[in-house]
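Following: one structure in structure tokens, then a few remarks.
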Amino acid sequence: MSPAIAVLRDENEESQYQNGVKRLHENGISKVPSKYILPILERPSNTNQHQANVSKNNLKLPIIDFQELQGPNRPQVIQSLANACEQYGFFQLVNHGIPIEVVSNMIEVGTKFFDLPFEERAKYMSSDMRAPVRYGTSFNQNKDKVFCWRDFLKLMCHPLPDVLPYWPSSPVDMRNLAATYAKETKHLFLMLMEAIFESLGLVDSSAAAKKKTTEEDEVLKEFEDGSQLMVVNCYPPCPEPDLTLGMPPHSDYGFLTLLLQDEVEGLQIQFQDKWVTVEPIANSFVVNVGDHLEIFSNGKYRSVLHRVLVNSRKDRISVASLHSLPFMRSVGPSPKLVDESNPRRYKETDFASFLEYISSREPKKKNFLESRKLT
């Protein structure tokens, strides 16, 4: 083969990978291309001594009943919330109050988007991480040496009236259904953050205390104008799921992520040094602590590594809603959580620093958060 033909073939292969795994699946591949094959020690199938850290049992995460949080049992639920954030960094949220049709419509319209012809999906491809809408593949396709078995649609959700005209116009009900879902999850996030602040001892929910305005109340107010990124993930069937991952081990950058899953298992979290599969619960959210909340809580609550397995039988769809303070706002440890016995552990950071970091290297595990640590 001439060098020119070899280069052309390589370019075609590279462009094929940039087009995503849904496209590969649609083309009927029967083997995982080498671009997606992880080093042996990083594969989910690796069972040698280096990977004795995979549990065979599924994990039932702590369950927080949102309805109970609004009633007389709030103090007990706040304590359960604190325990979940300290010990797991994750919890399942049930009775969350978002109408079931809003939730099911979001999964359905997300599925329909990935079922569109490739040419329609490709209109939204972009390497600009600040774009209001971005269709792409892998984890960070500009930097990943080994690609992940995942395609995504990322939608900036704030300010909604400004970004909505850029969102996909197909499927026809995409904008309407996704915008409704974004508003509902934003409201839920705000309520959860109030409970999280209470669990950290930063705000008092008593009637007398509510008459006073504190620095923490100001932060809670800022969340109303905070960043929100919605990520619709598609994990098509993979012919050799033991060789690759849908998402590599990572933590999320924001304060909280609200994850909506379909009924297909795939999410794993690192718990007690083992990888454990999270059992999906119908009409619930998996909520996890992000890096910003770890920084803000001065390490009391920790963001936890999680990854995604793929399978050979069924598509898996999930919708992650990542929330934080406004993009230009710096996040540092709350002064009330810093004292002589618990010194400041993190530098201040903002979203621009995060973007600059992940744009300049291949993101791995919690490396960005590690770069923010003082001790």
Side-chain angles (χ1 to χ4, degrees), residues 21 25 32 36-64 80 83-94 96 103 107 110-111 138-139 146-152 231-252 256-290 302-322 364-366:
V21 286
H25 174 65
V32 169
Y36 298 87
I37 298 177
L38 288 162
I40 289 173
L41 296 183
E42 295 175 28
R43 293 177 195 171
S45 60
N46 185 25
T47 53
N48 67 22
Q49 59 186 359
H50 297 283
Q51 280 282 349
N53 62 342
V54 178
S55 171
K56 292 179 182 172
N57 300 318
N58 283 7
L59 179 67
K60 286 185 166 64
L61 289 172
I63 292 177
I64 302 297
S80 298
N83 293 342
C85 290
E86 279 189 54
Q87 296 167 25
Y88 291 81
F90 274 80
F91 56 89
Q92 296 261 27
L93 189 71
V94 299
H96 45 71
V103 167
I107 289 284
T111 304
S138 194
F139 188 56
V146 178
F147 269 26
C148 303
W149 201 263
R150 166 227 191 197
D151 290 348
F152 61 79
V231 186
V232 189
N233 298 302
C234 174
Y235 306 97
C238 175
E240 297 172 290
D242 290 344
L243 300 180
T244 189
L245 284 168
M247 288 270 270
H250 67 286
S251 60
D252 295 342
L256 288 180
T257 299
L258 280 63
L259 179 74
L260 174 65
Q261 307 184 82
D262 62 14
E263 76 287 353
V264 182
E265 285 182 359
L267 175 66
Q268 287 194 321
I269 74 167
Q270 200 168 63
F271 179 66
Q272 297 177 344
D273 296 324
K274 288 184 182 292
W275 285 110
V276 211
T277 300
V278 173
E279 283 188 17
I281 297 178
N283 195 29
S284 73
F285 287 98
V286 174
V287 182
N288 64 282
V289 171
R302 292 186 179 273
S303 60
V304 170
L305 287 177
H306 48 290
R307 67 181 189 179
V308 177
L309 305 183
V310 290
N311 72 82
S312 58
R313 304 172 310 284
K314 295 179 82 172
D315 282 277
R316 179 173 178 267
I317 294 283
S318 70
V319 184
S321 193
L322 294 89
K364 286 184 182 290
K365 299 190 176 178
K366 289 178 68 169

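Nothing here was measured: the structure is a model prediction, and the numbers come from that model. Index from 1, following the sequence.
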| Under 3.5 Å, side chain of Asp151 to main-chain N/O of Val21, donor-acceptor pair present? |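 Answer holds: yes.
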
| request: Begin with the C-alpha distance, continue with both residues' side-chain angles, and end with the deciding distance and a verdict on side-chain contact (heavy atoms from CB on, under 4.5 Å) for Asn288 and Ser303. | output: CA-CA 7 Å; Asn288 64 282; Ser303 60; over 6 Å; no

N/O donor-acceptor pairs under 3.5 Å from side chains in residues 83-90, not counting sequence neighbours:
unit_1	atom_1	unit_2	atom_2	d
Asn83	OD1	Gln79	NE2	3.1
Asn83	ND2	Gln79	O	3.4
Glu86	OE2	Lys300	NZ	3.2

| message | Any salt bridge linking Glu240 with Arg43? Criterion: basic side-chain nitrogen under 4.0 Å from a carboxylate oxygen. | response |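 Between Arg43 and Glu240 there is no salt bridge, as every charged N stays at least 4.0 Å from the carboxylate O atoms.
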
Heavy-atom side-chain contact between [X] and [Y] under 4.5 Å:
{"X": "His306", "Y": "Met247", "value": "no"}
{"X": "Val264", "Y": "Asn311", "value": "yes"}
{"X": "Asp262", "Y": "Pro280", "value": "no"}

Which atom pair, heavy atoms only, marks the closest approach of [X] to [Y]?
{"X": "Phe152", "Y": "Val231", "result": "CB-CG1, 4.0 Å"}
{"X": "Pro249", "Y": "Arg307", "result": "N-CB, 3.9 Å"}
{"X": "Gln92", "Y": "Ser284", "result": "OE1-OG, 3.1 Å"}
{"X": "Pro241", "Y": "Val310", "result": "CB-O, 3.3 Å"}

Out of curiosity, [X] [atom1] to [Y] [atom2], how far, rounded to the nearest 0.5 Å?
{"X": "Arg150", "Y": "Cys238", "atom1": "CZ", "atom2": "SG", "value": "15.5 Å"}
{"X": "Ile269", "Y": "Leu305", "atom1": "CD1", "atom2": "CG", "value": "10.0 Å"}
{"X": "Cys234", "Y": "Asp315", "atom1": "SG", "atom2": "CG", "value": "5.0 Å"}
{"X": "Ile281", "Y": "Leu93", "atom1": "CD1", "atom2": "CG", "value": "10.5 Å"}

| field | Passing option when Leu260 is tested against Val232, Ile317, Asn283, Ile107 for side chain to side chain contact (heavy atoms under 4.5 Å, CB included) | value |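 Going through Val232, Ile317, Asn283, Ile107 one by one, the side chain to side chain contact (heavy atoms under 4.5 Å, CB included) with Leu260 is satisfied by Ile107 alone.
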
| said: Going by side chain to side chain contact (heavy atoms under 4.5 Å, CB included), Leu267 matches just one of Leu259, Val276, Leu309. Which one? | reply: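 Result: among Leu259, Val276, Leu309, Leu259 is the only option passing the side chain to side chain contact (heavy atoms under 4.5 Å, CB included) with Leu267.
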
| task | Under the side-chain contact (heavy atoms from CB on, under 4.5 Å) rule, what do Ile64 and Ser80 come out as? Steps first, then yes or no, please. | result | CA-CA 7 Å; Ile64 302 297; Ser80 298; 3.9 Å; yes

| query | Does one side chain, of Thr277 or Gln268, offer a donor that lies under 3.5 Å from an acceptor on the other? | reply |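 A donor-acceptor contact under 3.5 Å links the two side chains.
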
| So, for Tyr235 and Trp149, is the gap between ring centers shorter than 6.0 Å? |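 No, ring centres 6.0 Å or more apart.
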
| query | Step by step, would you call Arg316 with Glu263 a salt bridge (charged side-chain N to carboxylate O under 4.0 Å, His left out)? | reply | CA-CA 8 Å; Arg316 179 173 178 267; Glu263 76 287 353; over 6 Å; no

| request: Using the side-chain contact (heavy atoms from CB on, under 4.5 Å) rule, take Leu38 and Leu245 through it: C-alpha gap first, then chi angles, then the decisive distance, then the call. | output: CA-CA 8 Å; Leu38 288 162; Leu245 284 168; 3.7 Å; yes

| field | Partners meeting ring-ring contact (aromatic ring centres under 6.0 Å, His included) with His96 (sequence neighbours left out) | value |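 So His96 forms a ring-ring contact (aromatic ring centres under 6.0 Å, His included) with Phe285.
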
| Cys148 and Ser138: side-chain contact (heavy atoms from CB on, under 4.5 Å), yes or no, with the steps? | CA-CA 4 Å; Cys148 303; Ser138 194; 3.9 Å; yes

